[in-house]
Amino acid sequence: MNNIISPDTVAEKDLLGRDSFAKQIVNSLHTFFGHQKESLVVGVSGKWGSGKSTLLEYVKKHLDVLHTDNSRGYKVLSFNSWGHTAGDDLERGFLEKVVEAVSVLDWKDKAASANDKFKKYLGYLDYLKFAGHIHPMIKSVLEGAEEYRKKVDVVSLEEVRLEANKLLEDSGIRLYILIDDLDRLTPVEITMLFRVLKVNLNLSNTIFVVAYDKQVVVQALEREYGVDGEKYLEKIIQVDFSIPQVTEAQIGELFFDKISVFMSRIGQPFNSTAFRSVWLIHGLKEYFRSVRDLNRYFNNLIFSLPNIIGEVNLFDFLVLDAIKTFDAGAYNRMYGHIIEIFRKGIWQGTSLDATFVSSYEQETTKALLDFLFIKQHSEDGDGNVKRLRDREYFERYFALSSAPREVANEHLDHFFMKDTDKGVVLTTAMRTGKIVELLEKLADENLADAYVLEDVDIFRDFARFWKTRPDPADVDSGALIGRAYFNLIRLFKDRHKAANAAIAELSLEKDKVDRIGFMFNYFLLKWNEPLNLPGEVFRYIELYTDRLNENLLQYLKGHTNSEFFRMSGDSANWIDNFFLIELMKGDQEGYLREFGERMYPRTIWFIVVNNLFEYKDGLPDRVIREDVQLFFPGDVLDEVLRVIKIMEIGHLRESELKELKFFAYLVSQKEH
């Protein structure tokens with residue numbers, strides 16, 4: 001149900017003419033700029049909610065068609081600005097995306113030297129990603145960055161750009177970089193991204209396509225630089241396409257197309273002809289001014305209507321859900337208002353009259369309340385049964401949002417429905433505090449009795465959602481996610497195929513941070529009992545143990561440096577400790593080398609409290625001799641004790657410092 005749930009995906013029907021407009025853009029770029037070697041920045045401007053993201057999807061589709069018809073190599077890279085905010089993360093994330101794209105292009109000749117520079121620069125960016133966690137003992141992040149540059153001989157961004165330009169020109173490959181959601185950024189972030197485009201990434205054979213709200217960006221430039229935003233923009237955007245305005249007629253056509261598809265997919269008969277009177281005469285259309293308004297409404301509807309279908313009047317519920325979406329204050333007030341009338345003992349049809357309606361402020365809301373509480377439905381509509389104004393039924397309309405309840409089976413239906421955006425279902429469950437219940441249902445072995453799956457992409461969608469979320473709070477939460485993930489294998493007729501797809505999705509890359517992927521791999525190989533794995537997964541592990549272990553080890557080696565920086569800050573957690581344990585076992589030389597270079601107070605504390613203490617009543621009681629020797633072998637322990645001895649408050653919190661001093665005391669007393 002992608003065209004209903006997600007506001008930024010390509011709809012099944014191109015009712016707004018975005019497909020033909022995207023084709024026009026691509027053809028224009030090919031005809032007039034197809035032979036240009038210099039970097040070109042193309043703007044696609046439109047108001048918020050005008051469908052810019054959808055247009056970029058169509059642009060990508062037509063670029064694929066264009067290059068399928070000719071032999072010129074190409075690469076399309078999509079960058080979501082909004083997903084990389086918070087200061088330098090935006091600039092670094094954009095550079096990382098572009099350099100990664102260039103480094104994996106299929107060059108005609110081997111470019112070992114260039115690729116080595118690309119990888120080193122990516123490693124440097126990866127280092128900066130964790131530099132914020134460096135302990136205060138280091139004088140500054142910049143000093144640490146300079147030390148890193150010297151250590152691995154990192155080239156400058158200008159050298160990377162020149163190397164990429166040479167390869168792009170020699171190979172003739174065309175690089176397209178699509179940048180979305182620019183107008184969701186802060187003024188500082190908008191100007192930062194434009195600075196990168198203008199100064200750092202003047203790449204040959206490269207076309208940047210930037211989707212943005214021109215008015216928002218111009219205001220941001222004027223606020224940040226104090227200059228004429230229009231003129232500044234003209235220096236950067238060389239070609240500008242304006243998205244055609246969406247007419248009221250198109251909004252109406254799109255609304256009824258979406259609602260027809262929605263009702264068909266949930267198996268609900270729907271008289272769209274009768275409902276058009278609600279849209280046109282009773283003013284429902286006044287709520288909807290953009291494509292994004294439509295998506296807001298249907299995103300809410302998908303999680304509310306299926307839970308109560310047949311228990312309420314369909315037309316009333318559709319109207320009430322619109323009020324909830326666009327006039328939340330009136331919606332929240334309404335329930336209490338009706339209850340108040342009921343408690344006064346004057347519940348009659350005439351009690352919910354014009355006086356009741358007039359007490360609300362927004363004109364569109366008033367018109368719709370008039371429909372809900374005063375008007376009769378036409379006979380060819382949904383009838384006058386189970387109305388919101390009926391005493392017997394009105395509370396059912398609000399029960400979905402006013403009373404806590406278990407995750408309904410309908411949520412599972414939504415999750416497994418073909419084409420449903422799994423991330424939206426999981427996000428909704430998380431937002432409403434029901435994510436644990438949903439995961440427990442997904443982890444239930446008996447689920448296979450009710451659902452059968454065919455599309456293995458469900459593993460990709462599930463894993464990618466968790467990879468974009470913060471780490472699970474604890475190991476039990478992580479194990480529950482793992483149980484739900486692997487239990488999906490049981491829902492396939494071909495479980496071997498499903499197991500292969502599920503594990504393939506977890507393959508780790510040496511140069512890419514993937515904490516949830518690491519967590520899954522650790523559970524699989526080292527601690528799989530809590531996952532309750534299907535037999536097909538065990539057979540896969542038996543066949544490919546060496547390959548899986550090698551993949552895990554290469555990932556550990558590739559991220560040792562950045563992982564130790566995490567442990568020197570406050571953000572390290574149980575996943576980092578699993579990383580540490582596996583690194584120590586699989587690459588002790590690398591572990592000792594990095595630990596020796598970064599023997600920071602918090603790193604020592606993290607290792608000690610998570611691995612070397614036995615606890616009694618929640619407090620450290622003794623140290624474990626065998627594990628002390630594993631983590632701090634030989635002279636390393638002497639150096640650790642020396643560092644602990646000179647520590648003072650300021651290096652750590654007082655309680656943490658006491659724990660390390662107690663550890664040093666026990667070790668020195670040999671009271672293991």
Next on the checklist: In terms of relative ring orientation, are Phe255 and Phe298 parallel, tilted or perpendicular, with 30° and 60° separating the classes?
Outcome noted: tilted
Next on the checklist: For Val210, is there any backbone N or O sitting under 3.5 Å from a side-chain donor or acceptor partner on Lys52?
Outcome noted: no
Checklist entry - Judged by modelled atom types alone, do Gln245 and Lys47 share a side-chain donor-acceptor pair under 3.5 Å? => result no
Checklist entry - Can we call the ring centroids of Tyr397 and Tyr335 under 6.0 Å apart? => result no
Next on the checklist: Main chain of Met263, side chain of Gln268: is a donor-acceptor contact present, judged purely on distance under 3.5 Å?
Outcome noted: no
Checklist entry - So Tyr297 and Phe288, would you call those rings parallel, tilted or perpendicular, with 30° and 60° as cut-offs? => result perpendicular
Checklist entry - Are the side chain of Arg396 and the backbone of Ile308 linked by a donor-acceptor contact shorter than 3.5 Å? => result no
Checklist entry - When you measure from the side chain of Ser260 to the backbone N and O of Asp257, does any donor-acceptor pair fall under 3.5 Å? => result no
Checklist entry - Is the closest side-chain donor-acceptor distance between Arg490 and Asn487 under 3.5 Å? => result yes
Checklist entry - Is the Phe398 ring parallel, tilted or perpendicular to the Phe394 ring (thresholds 30°, 60°)? => result perpendicular
Item to check | Residues His282, Phe315; criterion ring-ring contact (aromatic ring centres under 6.0 Å, His included); working and verdict | outcome: CA-CA 12 Å; His282 296 285; Phe315 281 17; over 10 Å; no
Checklist entry - So, is the end of the Lys422 side chain (NZ or CZ) under 6.0 Å from the ring centre of Phe462 and within 45° of the ring's axis? => result no
